Amino acid sequence: MPELPEIETIKRGILPLKNSIVRKIFRSSLKLRIDATKKLDKIIGSQIISIERRARYLIIDFNNYHSLIIHLGMSGRITIDSNFKNLKHDHFACQFDNQQWLIYNDPRRFGFIDLVESHDLNSHKMLKNLGPEPLSLDFNHQYLQKKLANKNCNIKTTMMDNQIVVGVGNIYINESLFLAKILPTKMAKNLSKKEIINLVESIKKTIATAIEMGGSSISDYQNANGELGFFQNQHQVYGRQNQDCHKCGCIIERIVQNQRSTFFCKTCQK
DNA sequence: CTGAGCACCTGAGGGC
DNA sequence: TGCCCTCAGGTGCTCA
C-alpha cells in the first residue's frame with residue numbers, strides 16, 4: 001500500500017470534494033479491519049468541512065461533528081468517478097450532491113473506514129500513539145537521538161515504527177538509508193550523532209521528493225484521478241536486488257528484516 | 001516495557 | 001493449463 005507520499009497525493013486529489021454533501025453510502029458485506037458499517041449512515045446529508053492527512057490516515061471532517069478515518073492498508077485505493085460500478089473489492093462508496101462518487105477499493109482488506117465523533121478523533125486507537133510527521137519541525141536530530149538511545153533493534157525496523165516517526169514505510173526507509181549511507185542492519189543505539197542528523201535529512205528529502213513526484217507507482221498504485229506517480233523511477237535500492245548500484249556499480253543485496261524485504265548496497269552503506 | 005513473530009487477506013508471477 | 005510456492009506500499013496483537 002501506499003506510504004505517506006501516496007496518501008498525500010490522494011488527499012490532494014480528493015480536496016475538491018470539500019463543501020460537498022453526502023447523498024448516498026454503499027458498503028460491501030465483507031469485513032475490513034475495523035467494522036464501522038452501522039455508523040456510516042450518520043454522514044448522509046452532512047457536508048465535508050475539511051480533508052486532511054495524519055500519518056497514513058485520511059481524515060474527512062463533516063459539519064455534523066463526525067470524522068471519517070480512512071486507511072488503505074497494503075492494497076487500498078481511492079478513486080473519484082461519476083459512476084459507481086461496484087467492481088470487485090469495492091468496499092465503500094459515497095455519492096455527493098455533485099453526483100461524484102468517492103470509491104474505496106481494497107483487495108486484501110488490511111485497510112479500514114471508521115467514523116468517530118470529531119472530538120474523539122485523537123483518542124482513536126489508531127491515532128493516539130503516533131509519532132511526529134517526518135516533514136515537521138518536531139522530527140529533528142535532537143528528538144531522534146533521544147528515541148534511539150538504548151534502542152536494541154536494527155535501524156531499519158526502528159524507523160518503520162509509527163511511534164518514532166509516522167509514514168515511513170518499506171520503500172522510503174530503504175531509500176532513505178541508502179541516501180544517508182547507513183546499513184539497515186546497524187543497531188539503532190549505535191548510530192553516531194552525525195549519522196542521525198544525516199538520516200533525519202535523508203528521510204525528509206526522500207519523502208518530500210516523492211510527494212513532488214506524485215508518489216511511487218509499483219504494481220497498481222494510482223492517485224484519485226487514476227494517474228500514476230513517478231518516484232519509482234528514482235528508486236536507488238528498493239526492488240533492485242542483483243542490479244548494479246547507481247553510485248558504485250556493486251550489486252544491490254536483498255535481505256529480510258522483521259519479515260520485510262530490505263535492499264541495500266554494502267559498499268555505499270556502512 | 002521491549003523485541004520478535006504472527007495474523008489479517010487477495011493476487012501476481014515463477015517453476016515445474 | 002494448473003498447482004504450489006513466494007512475494008507484496010501496513011499495523012495491531014500476543015508471547016517470552
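Note on naming: letters A, B, ... go to the chains in the order of the sequence lines (proteins, then strands), and numbering restarts at 1 for each one. None of these values were measured; they are calculated from a predicted model.
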Candidate nucleotides dC6(B), dG10(C), dG11(B), ranked by approach to the side chain of M74(A) - the nearest: dG10(C)
Short side-chain N/O contact from S261(A) to OP1 or OP2 of dA8(C), under 4.0 Å: yes
Residue E3(A), side-chain atoms from C-beta onward, closest of dC9(B), dC6(B), dG10(C): dG10(C)
K181(A) atom NZ: more than 12 heavy-atom contacts under 6.0 Å: no
Spacing between L32(A) atom CG and dG10(C) atom C1', to the nearest angstrom: 14 Å
side-chain N/O R33(A) vs dG12(C) OP1/OP2, d < 4.0 Å: no
Short side-chain N/O contact to dA8(C) OP1/OP2 from R260(A), under 4.0 Å: no
Reported CG-to-NZ distance for the pair L137(A) and K204(A), which is rounded to 0.5 angstrom: 6.5 Å
dT11(C) phosphate, OP1 or OP2, under 4.0 Å from H71(A) side-chain N/O: yes
Between C1' of dT11(C) and CD1 of I164(A), the distance in whole Å: 15 Å
Heavy atoms from other residues, nucleotides or ligands near CG of N150(A) exceed 12 (cutoff 6.0 Å): no
K88(A) side-chain N/O to dT10(B) phosphate OP1/OP2 under 4.0 Å: no
Crowding at CG, N122(A) (>12 non-hydrogen neighbours, <6.0 Å): no
Sugar-phosphate only, base, or nothing, as touched by D106(A) at under 4.0 Å among non-hydrogen atoms: nothing
Short side-chain N/O contact from K151(A) to OP1 or OP2 of dG3(B), under 4.0 Å: yes
Under 3.5 Å on both distances, the Watson-Crick or G-U partner of dG13(B): dC5(C)
Touch class at under 4.0 angstrom, heavy-atom based, for K31(A) against every strand present: nothing
Sugar-phosphate, base or nothing in reach of Y57(A), heavy atoms under 4.0 Å: sugar-phosphate
5'-most by nearest nucleotide on DNA chain B - T157(A) or F110(A): T157(A)
Pairing partner of dC1(B) (Watson-Crick or G-U wobble, both distances under 3.5 Å): none
Check: F263(A) ring centre within less than 6.0 Å of F178(A) ring centre: no
Nucleotide nearest C153(A) (side chain, heavy atoms from C-beta), chosen from dG10(C), dA4(B), dA8(C): dA4(B)
dT11(C) OP1/OP2 closer than 4.0 Å to side-chain N/O of N162(A): yes
Rounded interatomic separation in angstrom, taking CD from Q232(A) and P from dA8(C): 17 Å
Phosphate-side-chain proximity, H89(A) and dG11(B), N/O vs OP1/OP2 below 4.0 Å: yes
Between H235(A) and S216(A), a side-chain donor and acceptor under 3.5 Å: yes
N258(A) vs R108(A), nearer the 5' end of DNA chain C by closest nucleotide: R108(A)
Atom-pair distance (CZ on R109(A); P on dT11(C)), nearest Å: 18 Å
